[in-house]
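What follows is a set of notes on a single structure, which appears directly below.
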Amino acid sequence: MLKDLGNIPFIPIVCFNNEAELKVNVNTHIVVNRCCLKDVILQYKIPAISQEIKEKIISIIESNSKTLEKGATCEHKYNALRKQYDSQNKIQHGVCPRCGGRLVERQGRYGCFFGCSNYPRCKFTSNR
């Protein structure tokens, strides 16, 4: 989308939702939760692009963004709830919702849990 603007300098930042637990510590890349994103961006004091280029980038992104119509939003919500219901139903019947394997009771460091019989290919677990 931005190739017509030439070589635009950028800083790659990987940003996860606030609920995500970051399990990696990477010194060569910036990986943060959403709550820390603003602080990371504000560390950079010297502008790398002009205000004019910034406005062009915003305009291009906005013109290429697809907004969902109300019907599509409702359909998306319905599909998400149905998938959640299907997963819970499979778990209740002892079926792995990821791969279709059997859920078997296992003993772990923190007590009993149900894990997929296809472990280690499938690492699904549940406390049921």
Side-chain angles (χ1 to χ4, degrees):
M1 287 190 310
L2 304 176
K3 63 184 174 189
D4 294 338
L5 295 179
N7 189 15
I8 303 170
F10 69 94
I11 299 166
I13 299 173
V14 178
C15 182
F16 288 95
N17 196 0
N18 289 337
E19 288 81 31
E21 180 182 338
L22 301 181
K23 296 182 179 180
V24 294
N25 188 4
V26 183
N27 294 332
T28 57
H29 297 81
I30 303 169
V31 181
V32 295
N33 286 86
R34 194 175 68 218
C35 61
C36 302
L37 181 60
K38 184 177 178 181
D39 293 335
V40 169
I41 292 171
L42 292 175
Q43 289 177 2
Y44 297 92
K45 304 288 184 198
I46 302 170
I49 57 175
S50 68
Q51 185 64 29
E52 179 185 352
I53 296 290
K54 195 184 306 183
E55 289 170 4
K56 284 182 181 179
I57 292 171
I58 292 169
S59 174
I60 291 170
I61 292 172
E62 285 177 345
S63 67
N64 285 286
S65 295
K66 295 180 180 170
T67 56
L68 293 177
E69 296 175 13
K70 187 174 183 177
T73 303
C74 291
E75 183 180 350
H76 172 73
K77 287 180 183 179
Y78 171 79
N79 289 336
L81 288 173
R82 181 175 174 175
K83 184 175 180 180
Q84 183 181 16
Y85 171 79
D86 288 346
S87 290
Q88 290 172 352
N89 193 29
K90 285 180 179 180
I91 291 169
Q92 287 176 349
H93 288 90
V95 177
C96 175
R98 289 192 190 156
C99 73
R102 288 181 302 109
L103 293 180
V104 293
E105 189 171 356
R106 300 187 187 270
Q107 182 67 37
R109 184 179 352 182
Y110 303 108
C112 290
F113 66 96
F114 290 90
C116 183
S117 60
N118 291 327
Y119 179 84
R121 283 182 309 183
C122 179
K123 294 180 172 60
F124 177 80
T125 60
S126 172
N127 292 333
R128 233 198 263 195

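Residue pairs meeting the salt bridge (Lys or Arg N to Asp or Glu O under 4.0 Å) criterion with at least one member in residues 90-119: none, sequence neighbours excluded. The list of salt bridge (Lys or Arg N to Asp or Glu O under 4.0 Å) pairs with a residue in residues 24-50, not counting sequence neighbours, is empty.
By the criterion of side-chain heavy atoms lying less than 4.5 angstrom apart, applied directly or through intervening Ile, Leu, Val, Met, Phe, Trp or Tyr residues, Val32 is grouped together with Tyr44 in one hydrophobic cluster. There is no path of hydrophobic side-chain contacts, each under 4.5 Å, that joins Val31 to Val40. Note: the hydrophobic cluster containing Leu37 also contains Ile11 (ILVMFWY, side chain heavy atoms under 4.5 Å, direct or indirect links).
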Just list the side-chain donor-acceptor pairs under 3.5 Å for residues 46-53, sequence neighbours left out, or say none.
| residue | atom | partner | partner atom | Å |
| --- | --- | --- | --- | --- |
| Ser50 | OG | Ile53 | N | 3.2 |
| Gln51 | NE2 | Glu55 | OE2 | 3.3 |

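Tyr85 is linked by a side chain to side chain contact (heavy atoms under 4.5 Å, CB included) to nothing, counting only residues two or more places apart in sequence or in another chain. Evaluation of the side chain to side chain contact (heavy atoms under 4.5 Å, CB included) rule for Ala80 yields no partner, not counting sequence neighbours. Taking the side chain to side chain contact (heavy atoms under 4.5 Å, CB included) definition, one finds that Asn127 meets it with Phe113, sequence neighbours left out. Applying the side chain to side chain donor-acceptor pair (under 3.5 Å) test to Asn89 and every residue at least two apart in sequence or in another chain returns His93. Scored by the side chain to side chain donor-acceptor pair (under 3.5 Å) test, His29 finds no partners at all (sequence neighbours excluded). Arg121 pairs by the side chain to side chain donor-acceptor pair (under 3.5 Å) definition with Asn118, not counting sequence neighbours. The side chain to side chain contact (heavy atoms under 4.5 Å, CB included) test applied to Ile60 returns Met1, Leu2, Leu5, Asn64, not counting sequence neighbours. For the side chain to side chain donor-acceptor pair (under 3.5 Å) test, no residue two or more places apart in sequence or in another chain qualifies with Glu21.
Distance CD/Glu75 to CG/Asn79: 5.5 Å, rounded to 0.5 Å. The structure places NZ of Lys56 at 10.0 Å from CD1 of Ile8, a figure rounded to the nearest 0.5 Å.
The heavy-atom pair separating Cys99 from Cys96 by the smallest distance is N-SG, 3.5 Å. Contact detail for Asn18 and Cys35: the closest heavy-atom pair is OD1-N, 2.7 Å.
If you chain together ILVMFWY residues whose side-chain heavy atoms come under 4.5 Å of each other, Leu103 ends up grouped with Ile91, Phe114, Phe124.
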